[in-house]
Amino acid sequence: MAFLITCPLCGPRDAYEFRFGGEDKGPRPDPETLSPEAWCDYVHMADSRFGVQKEWWYHRRGCGTWFTIYRDTVKNIEVSSNDREADQ
Amino acid sequence: MFLKFNRLWKESPLKSSYDAVIIGGGLHSLAAAYFLASRHNIRDVAVIEKKFIGCGAAGRNTAIVRANQRTQENIPLYKEALDLWPILTKELDFNLMFYNCGNLNLAHSDAAMKAFRMNVATAQFHGVNSQLVDARQCKELVPALDITDRPRFPIFGGMFHPPGGIVRHDAVVWGLARGGAKLGVHIHQGTEVTGIGVKNGKVAWVDTDKGRIQTTKVLNAAGAYSAGIAFKCLGQRLPISVLTIQAMVTQPLKPLLHHVVSSGAYHAYANQTLKGEIATGAHMDPWPNYTNQSTAHYIKHQAEAIGEMLPCLRGVKFMRIWGGLADMTPDMAPILDGNVPVEGYYMDCGWGYFGFKSSTVAGKYMAQYVATGECPEMLKPFRLKRFEEHRLMGETAALVDYTANN
Amino acid sequence: MNRLKNLPTLRIDAERVLSFTYRGKTCQGLEGDTVATALYANGVRVFGRSLKYHRPRGLYSLDGECSNTMMEVDGVPNVRAEATVLASGMTVKPQNIKGSPEFDLMGFMDGLSWAMPAGFYYRVFHKPARIWPAAIKQIRQAAGLGTLSPDFRMKGRFDEIYPAAEVCVIGGGPAGMAAALAAAEQGLRVILLESRPWLGGAFEYRTTADSSGTALFESARELARKVERTAGIRIFTHAPVVGVYTDGQVTAVQRGGADQSFDERYIEIRARSVVAATGCIERPLLFENNERPGIMQTECALRLARTWGILPGSEAVFSIGHDQGLEAAIDLCDLGLKVAVVADTREDGQDALLLDALAQRRIPFLKGWVAQKAHGSRQISSATLSSLNGHFNRELPCDLLVASAGLTPVTGPLTLAEAKLSYDSRTGFFLPNELPAWLYAAGRLLGLAHFEAIAASGRLAGLRAAQRCGAEAAAGIRDCESRLKELPGPVRGSKFVSAPRAGKKAFVCFDEDTTLKNVDQAMDMGFDVPELIKRFTSAGTGPGQGGIPGHNLPLYVNQSGSSPDSQPRPTLTRPPLVPTLMAAYAGAGHAMAKRTPLHELQKADGGRMETVGDWKRARRFSDDVRCRAEITNVRTNVGLLDASTLGKFRLFGPDALKALQRVYVSDMSRMHAGKAKYSAMCNDDGCLTDDGVIVQTGESEYYFTTSTGRAGVTSEWIRYHTRFDNWDFSLVNLTDAYGVINIAGPNARAVLSKVTPAAVDNEAFPYMGYREFDVGGVAVRALRLGFVGELSYELHVPSSWMAGVWGVLTEAGREFGIRNFGLEAQNALRLDKGHIIIGSESEQRTTLHDLGLGFLWHRHKPEARTVGDGALRHTEKQSGRLKLVGLKMEDASAQPPGDGSPIVDKRIRGYVCTARYSVALKEPVGMALVEEGLAAEGSRLAIYEDGCEGRLIYAKVAKKPFYDPEGERLRS
């Protein structure tokens, strides 16, 4: 189902307008001191959790903004950050 | 003809210990259980399924089987898988309904023909029948194709793979369940794995919502749910994106398509089931999730695509669309590994598009791995460590678009 | 057949006769008929044959719950005759028959049903294995319903619209209409969807009077008129909903016709709130031969008479389980049908007024009785009724058996919306107990039967839906809630499923010929939940999409006691709720490819256009697939290439350089005015994703190109990798704003100097230079690059001026014999130079080091945290990787190997990326990705081409570039 994603600039829009940008893993690590294991963890590994996760989206067919939302992966709907607190 | 209606498999009470516990009641699990019991005489095996067997990707996939993959690490595996269908049909005494109709992949550009040439030559090098065909030959194989330059993606040619076809996926589920259960495998439906106990770096037990099971060997073969379970039970992070793939069928028709036909450019395949329905699909929604949701966008897209490729089908009605989950890795090859992160823990996941066609052979070799603790040669290329070592497999040449890394 | 006349409920125009042909015979119907009603009026009773057993099937319901009346109409297979409005000149044929529907030569299959128990195909045909291929052939021939020729082309006008609304109401009965009115009163935009051609729902043809003495159909029509007059409501009739998706997305397909601009159109709606008021259909009664022609549901019989003026039979037996069944018997009796008896599965609870009415008409009434078996081969001739315990029975002659177990709610839209349904023991319905926040349910589907109560429940849902959209509806909601409490609530529903001793030929699913016996067999084999039984017996997987078995299967399974669930559990529903033509989904059709500003010119010049990513581009300009003339012309003279598909970007702002340093592997701080820099972007695996040139065009202002394939993702790529940094830069995608002309060859300068006032000699505009000047009076950006290995200029021209500048260059080049070259010539030309094309010489896993481009990487800028830097460090010295090498054939006169051919010994050691005959070198050259052990110059490469049957050809690793290794021609 094309669920809705709330773009901070454009408001709720159909999910197909967006590109998924992965789970939020924080800023880029320093490449010089990065072990292969830590590198892999940052680049490839994911929690793939059942439930709410914080994640990145890009409004590809819209304003071109990267932003984060919280989404419940079991229901595949955006949830407010309050719901996330309740979930954890 | 006078068939008896005995239970396909019997229900057994959950025991407090098993030699091996397999998480998930899908094809990879049931196959692993069957091969553990039938080839390694390990019969004290529990298959733990949260809902009912075959309710996940096992019953939602395209049912297409083939062995014309891109790399030498993969082809032998899928070749053996193709060879297994008739063997298992006999062994399980259950008609898996392997319909050996052959697969035609369409190329719509020079670059696609080049890619096919590599696949075809690689297959031939491994003794697998696969051929390049031109547009006219495509039309001879599938008369419904439009080979004019009218479509958005005109047809250049294709790759024809006679040994492939389709298999009745539910039959494989039921056949393996029956076969395994006969040998003593316990199938526990409606049972959820809630934790994995580790002692001194070794698997010690598995917790379920129906009670604790002592065991030293656990195989996580829960398909798309594997990654979530690994994280939940062991905190293990995996390079997996769990994505929904959609498929649909039309109303049944008298025979029209005699081969599986597919196109990368259109992101679509179509084949006619034995019942006469045209099964089609292939689209992947690029947002990780654990639902089986279908979308309005996709059924519309598919109608547009199929209507271009096979224009006569515009006069046919879609009857049903559904979604299933695929656990995609960054290199579109699975993760088959053992004793990572703890001894006694095995994983068979990350199959992406290829989970159905590989299920029996993966089960066979994972059973060997679990039984002996030694990784079979066939599975060695599929280690988890390859991602950390910058050694992605070459099953896809193009950049995959479902990770943020491309 | 004579139609009933002067009924106020009729929807046909007796004056307007339409001719159509059925099985080659001309028949007559009336305006307003469906194909099915017209055929019925013409005496057709057997409409087709069933899938497996070839049993005769007739008109059973009028809402498409089964495939009984699927026919071929105007060459289109599987058309539901009862949902298709008759048009003059239609050609109608029955399906799945050999012979005629009445005398089907495959009819003997019915006698073989014992050989086809549940899931029989899983258990036979595989022993011995050799019979299976033959069995497949037989199964395929027997399966399937309609026939379609590979040459068939769907005719008709197909359209699509995407309306938005605050409230979308599904169902145009009293509840839906009241909901729409309530929401519209709040000033909201409302969309009302109704599957039938008119509003009114199940009340549209009922003549019973309500409490105020008005006939129900009059009340329904009055409500419809009010809805039609209300400005805020957009009504789509004859538009069945096919899909309901998360967050208020609803799709429908509307039937049009001669008086509309479309034959079918796809409607995709996004609403803030959705009201489901879909009402009920009937639940089939299960008994032996319960699907014989002549057996139909209550509403079907009643609507045939009331809506289409067709008395469905002459002598009827009724076996029903709800008051509406009694009402229909009475009404049909009044319209002239002889009702032999009415059997009601309910022991008590009937409306006393209806029982009085039956008595007045001397219609015998049997409480606690049910149809047990229908007799007659092609059509029903009599029916056996039995007491519920099976102890007593009576056989009565009849040509019509009106049979219905009761009602069942249409929950499809609720299920699709992932509402949680649970079994309600009062109504016997699956009712929603948990709805998504945007969805509201109302009306008859909740078990209400009273008109006022249904309308009030609709109004309540409409107000709640409006409230979610921000309307101040709290007071209205309170009023409505208290009003609803005063009105009659949900009625008790019948839970009766199956007559005594029904089994072998009692069909739980008509489409798939699934009998109760099959269900029993499946349960014996351990399939204990309805969803699995569905899979094993295929019940509910046919064209009727579960309409017939949807409710009965879970009830039956639950009553059998072998289910692990204490309450019946509903089976799933999937979109489309109504079978929908691919043509309808495809809609207007808009497969588009991007075209460059020179597209038409390139075509006019003989360009063979091919798909390249999003674009169409000219591959070559003659029949010569090797493009020798084009290649030679560039090497010795001058050629023009349309390279407009290149990605083009402007990047500016105080932090622009930081952004460049983040994504490009080189040190981007070392840029010189008027000089272009070649660099590459990698992903975090250190693998090459893009290459291009960058020029600094001002203070913190840059212009850069990307490969064609990356143009669409470059903005998001750069923004993604800087998303944590809050850097101040702007990025503009100019890909479509500029076209690119590549003028290449030794005479390129001579041509260019004719059309520009700027100095373009080697000193003024050297290799890798960047200039801005006029060409033919148009300001262009010029880069002096050498992808094809000759003196060449890349002119970036505003798209709207492309044709003009191209014309100026063509004109100026005429004296030199300037000509086009296409992608294939470019491909061969760049190969001479060992220049790579991403995706051609690289895979997803190919690092910068693997390609020999490691020199581009500047390792001493860790503060930039360049994408790919970590992996480039880790893999720099890594062994065991595929490396890009140049190759030449051992036999210089050999053909170049096919692109993609593997390089082998005992195993595969690499593969040829691209190989072409080099016109300049007069021998094949190529590039390959090979294992390190084979990468040394002079290594022998054994090439395994497709179809070679083991005959290898040999090449050797050769130094790149093959042509002009010192690059003198580029710099000259």
Heavy-atom contact with chain C under 4.5 Å, split by part of [X]:
X        : value
B:Leu257 : backbone
B:Val400 : both
B:Met393 : backbone
B:Lys300 : both
B:Ser130 : neither
B:Ala305 : neither
B:Phe52  : side chain
B:His169 : neither
B:His126 : side chain
B:Phe116 : neither
B:Ala398 : backbone
B:Gln124 : both
B:Asp93  : both

| field | Contact check, side chains of C:Phe152 and B:Pro311, non-hydrogen atoms, under 4.5 Å | value |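 No, their side chains stay 4.5 Å or more apart.
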Side chains of [X] and [Y]: do they bring a donor and an acceptor to under 3.5 Å?
X        : Y        : result
C:Asp685 : B:Asn405 : yes
C:Gln95  : C:Asn78  : yes
B:Ser109 : C:Glu610 : no
C:Tyr121 : B:Arg168 : no
B:Thr122 : B:Asn119 : no
B:Asn129 : B:Gln131 : yes
C:Lys127 : B:Asn95  : no

By a 4.5 Å heavy-atom criterion (distance strictly below it), what part of [X] contacts chain B: side chain, backbone, both, or neither?
X        : value
C:Gln138 : neither
C:Lys52  : neither
C:Thr846 : neither
C:Cys682 : neither
C:Gln521 : both
C:Lys155 : neither
C:Ser149 : backbone
C:Ala142 : backbone
C:Tyr944 : both
C:Tyr122 : both
C:Val242 : neither

| task | Assert yes or no for the condition that the ring centre distance of C:Phe158 to C:Tyr585 is strictly below 6.0 Å. | result |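 Not under 6.0 Å, so no.
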Against chain C, work out which of [options] has the most heavy-atom pairs shorter than 4.5 Å and name it.
options                             : value
B:Val120, B:Asp170, B:Asp401        : B:Asp170
B:Gly394, B:Gly54, B:Pro143         : B:Gly394
B:Ala303, B:Gly276, B:Pro154        : B:Ala303
B:Glu277, B:Glu389, B:Arg320        : B:Arg320
B:Gln272, B:Met97, B:Lys90, B:Lys10 : B:Met97
B:Ile306, B:Leu253, B:Leu256        : B:Leu253

| task | Please work out which of the three classes, parallel, tilted or perpendicular, describes the rings of C:His721 and C:Trp717, given edges at 30° and 60°. | result |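 Correct class here is perpendicular.
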| Parallel, tilted or perpendicular for B:Trp85 and B:Phe98, by the 30°/60° rule? |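 Tilted.
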| Reported CG-to-CZ distance for the pair C:Leu823 and C:Arg619, which is rounded to 0.5 angstrom |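 Reported to 0.5 Å precision, the distance equals 5.5 Å.
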| said: I need the B:Asp331 CG to B:Arg391 CZ distance, nearest 0.5 Å. | reply: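 So the gap between those two atoms works out to 13.0 Å.
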| request: Please determine if C:Arg723 forms a cation-pi arrangement with C:Tyr720, meaning its NZ or CZ atom is less than 6.0 Å from the six-membered ring centre and no more than 45° off the ring axis. | output: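 Yes, cation above the ring, under 6.0 Å and within 45°.
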| Charged N-O contact under 4.0 Å between B:Asp110 and B:Lys114 |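 No, B:Asp110 and B:Lys114 are not salt-bridged.
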| field | Ionic contact status for C:Glu945 with B:Arg117, cut-off 4.0 Å | value |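 Looking at B:Arg117 and C:Glu945, the cut-off is not met.
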So which residue, [options], ends up with the most heavy-atom pairs under 4.5 Å with chain B?
options                                : result
C:Thr689, C:Leu532, C:Thr875, C:Thr147 : C:Leu532
C:Thr611, C:Asp684, C:Thr580, C:Leu145 : C:Thr580
C:Glu160, C:Glu268, C:Glu531           : C:Glu160
C:Pro77, C:Gly243, C:Ala129            : C:Pro77
C:Arg574, C:Arg140, C:Arg845           : C:Arg140
C:Gly587, C:Ser901, C:Gly839, C:Gly542 : C:Gly542

| Backbone N/O of C:Met70 and side chain of C:Ser67: donor-acceptor pair under 3.5 Å |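 No, because the side chain of C:Ser67 does not come within donor-acceptor range (under 3.5 Å) of the backbone of C:Met70.
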| Is the backbone N or O of B:Ile278 less than 3.5 Å from a side-chain atom of B:Thr250, with the two atoms forming a donor-acceptor pair by type? |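 Confirmed, B:Thr250 side chain pairs with B:Ile278 backbone.
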| Under the salt bridge (Lys or Arg N to Asp or Glu O under 4.0 Å) criterion, do B:Lys275 and C:Glu512 qualify, and how do the steps go? | CA-CA 10 Å; B:Lys275 261 177 87 178; C:Glu512 300 288 325; 3.2 Å; yes
| request: Begin with the C-alpha distance, continue with both residues' side-chain angles, and end with the deciding distance and a verdict on salt bridge (Lys or Arg N to Asp or Glu O under 4.0 Å) for B:Arg70 and B:Glu395. | output: CA-CA 5 Å; B:Arg70 187 167 184 269; B:Glu395 209 37 54; over 6 Å; no
